[in-house]
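Single-structure report; data block below.
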Amino acid sequence: MPPVGKRHYMRVRADMPPGHVRTPAYLRGKTGWVERVLGPFPNPEQLAYGHQGENLSLMRVRFTMGDIWGAAAENPQDTLDAEIYSHWLEPAEPPHAT
Amino acid sequence: MPHDHHDHLSPSGHPYRPDNDQPLTYWQQMEIAVREILIAKGITTAAEINAQIDAMDARNPAHGAAVVARAWTDPAFRDDLMADASAASAAMGFDIGPMKLIAVENTAEVHNVIVCTLCSCYPRNLLGLPPDWYKSRAYRSRTVKEPRKVLAEFGVTLPEDVTVRVHDSTADMRYIVIPARPADTDGWSADQLAGLVTRDSMIGTGLAKTPAALAGTETGG
């Protein structure tokens, strides 16, 4: 667990694989911080094809609108939370909003 | 050709709907075939299927409104709801099944709104069937990019210093917004307060009604 009060930043993998993916395309390659850990859930990308789903940690990741949409953001300080499975996340440095 | 009524209005003043007499779609046929096989093989019965449909139809936003009103009047329940909304709702008698629920709370600083960009995840057990617009491509694609514009179209215009927090319900969680309790409701019972909680306020595209708006509704104004 990250120290209390310190944001644990993660980047969503930028891959665009074919098939059933439950990670929204608009968040791929974007960096946010872990809002909360939701616990293990079976991987829906395996369940979709009738396989036994491997249990993965599901995290709620919070992004700023500025980090998602850049200059096109309505209000860069507004935020978006999304549930992302851990195999789509990699540790990251805080993004430097431009 | 079916006779249609493009140029005519029904006695209620609305246009007639076109006759629904096109052939069954592939998926409609598939649903009927699977259902009939399950019944023929004794795995389920027509009565059980009807009972499930009735149970689904019985779910409606009044359940969610009762949860919100209790959160407004019972601080211990509010804390339980924020910590584990599935367990707190189940403790109130709303069986939410295997669904995992997260409650998010509107405050003077934060306004929450729910969307599901990948499909149309919705807390049906507490709010009933979702409105058609919730499933539309326009709502799903625009709410994550220009939530303030979308909210303004629903009549909710927020000051710049209120943070908008969009929740994209992409996976295993369902969400309910706990709207801010309206002013001038001191001393109201949970039952009275529940009358102020709208479906849209629990999605975040609306606010709870004010006592004045409720009075206007009751007099038909």
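Proteins come first, then strands; the chains are lettered A, B, ... in the order of their sequence lines, and each starts at number 1. Any value given below was found using the heavy atoms of this structure, including those in side chains, with hydrogens, waters and symmetry copies removed.
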Requested in this report: Specify which of B:Glu160, B:His167, B:Lys149, B:Arg148 makes the most heavy-atom pairs with chain A at under 4.5 Å.
Outcome: B:Arg148
Query - Nearest-0.5 Å distance, CE of residue B:Met173 to CG of residue A:Leu38 - result: 4.0 Å
Query - Residue part contacting chain A, namely of B:Thr117, when any heavy atom lies under 4.5 Å - result: side chain
Query raised in the report: Any chance CD of B:Gln52 has more than 12 other-residue heavy atoms, nucleotides or ligands included, within less than 6.0 Å?
Result: no
Requested in this report: Starting at CG of B:Asp161, measure out to CG of A:Asn75 and round the result to the nearest 0.5 Å.
Outcome: 10.0 Å
Query raised in the report: Is the number of heavy atoms from other residues, nucleotides or ligands under 6.0 Å of B:Asp184 CG greater than 12?
Result: no
Query raised in the report: Contact part of A:Pro24 toward chain B, heavy-atom cut-off under 4.5 Å: side chain, backbone, both or neither?
Result: both
Query - Portion of B:Val115 that has a non-hydrogen atom of chain A nearer than 4.5 angstrom - result: neither
Query - Approximate separation, where rounding is to 0.5 Å, of B:Leu118 CG and A:His20 NE2 - result: 8.0 Å
Query raised in the report: So which of A:Gln77, A:Met65, A:Arg60 has the biggest tally of heavy-atom pairs under 4.5 Å with chain B?
Result: A:Arg60
Requested in this report: State whether the number of non-hydrogen atoms from other residues, nucleotides or ligands found under 6.0 Å of A:Glu93 atom CD is greater than 12.
Outcome: no
Query raised in the report: What's the spacing between B:Lys145 NZ and A:Tyr26 OH if we round to 0.5 Å?
Result: 12.0 Å
Query raised in the report: If contact means a heavy atom pair closer than 4.5 Å, which residues of residues 78-85 of chain A contact chain B?
Result: A:Asp78, A:Thr79, A:Leu80, A:Asp81, A:Ala82, A:Glu83, A:Tyr85
Requested in this report: Just give me the residue among A:Phe41, A:Trp69, A:Phe63 that pairs up with chain B most often, heavy atom to heavy atom, under 4.5 Å.
Outcome: A:Trp69
Query - B:Gln28, CD: over 12 other non-hydrogen atoms inside 6.0 angstrom - result: yes
**Report entry** Atom CG of B:Asn50 with >12 non-hydrogen neighbours under 6.0 angstrom
**Finding:** yes
Query - Which atom of A:Arg22 lies closest to which atom of B:Cys121, heavy atoms considered - result: NH2-SG, 4.2 Å
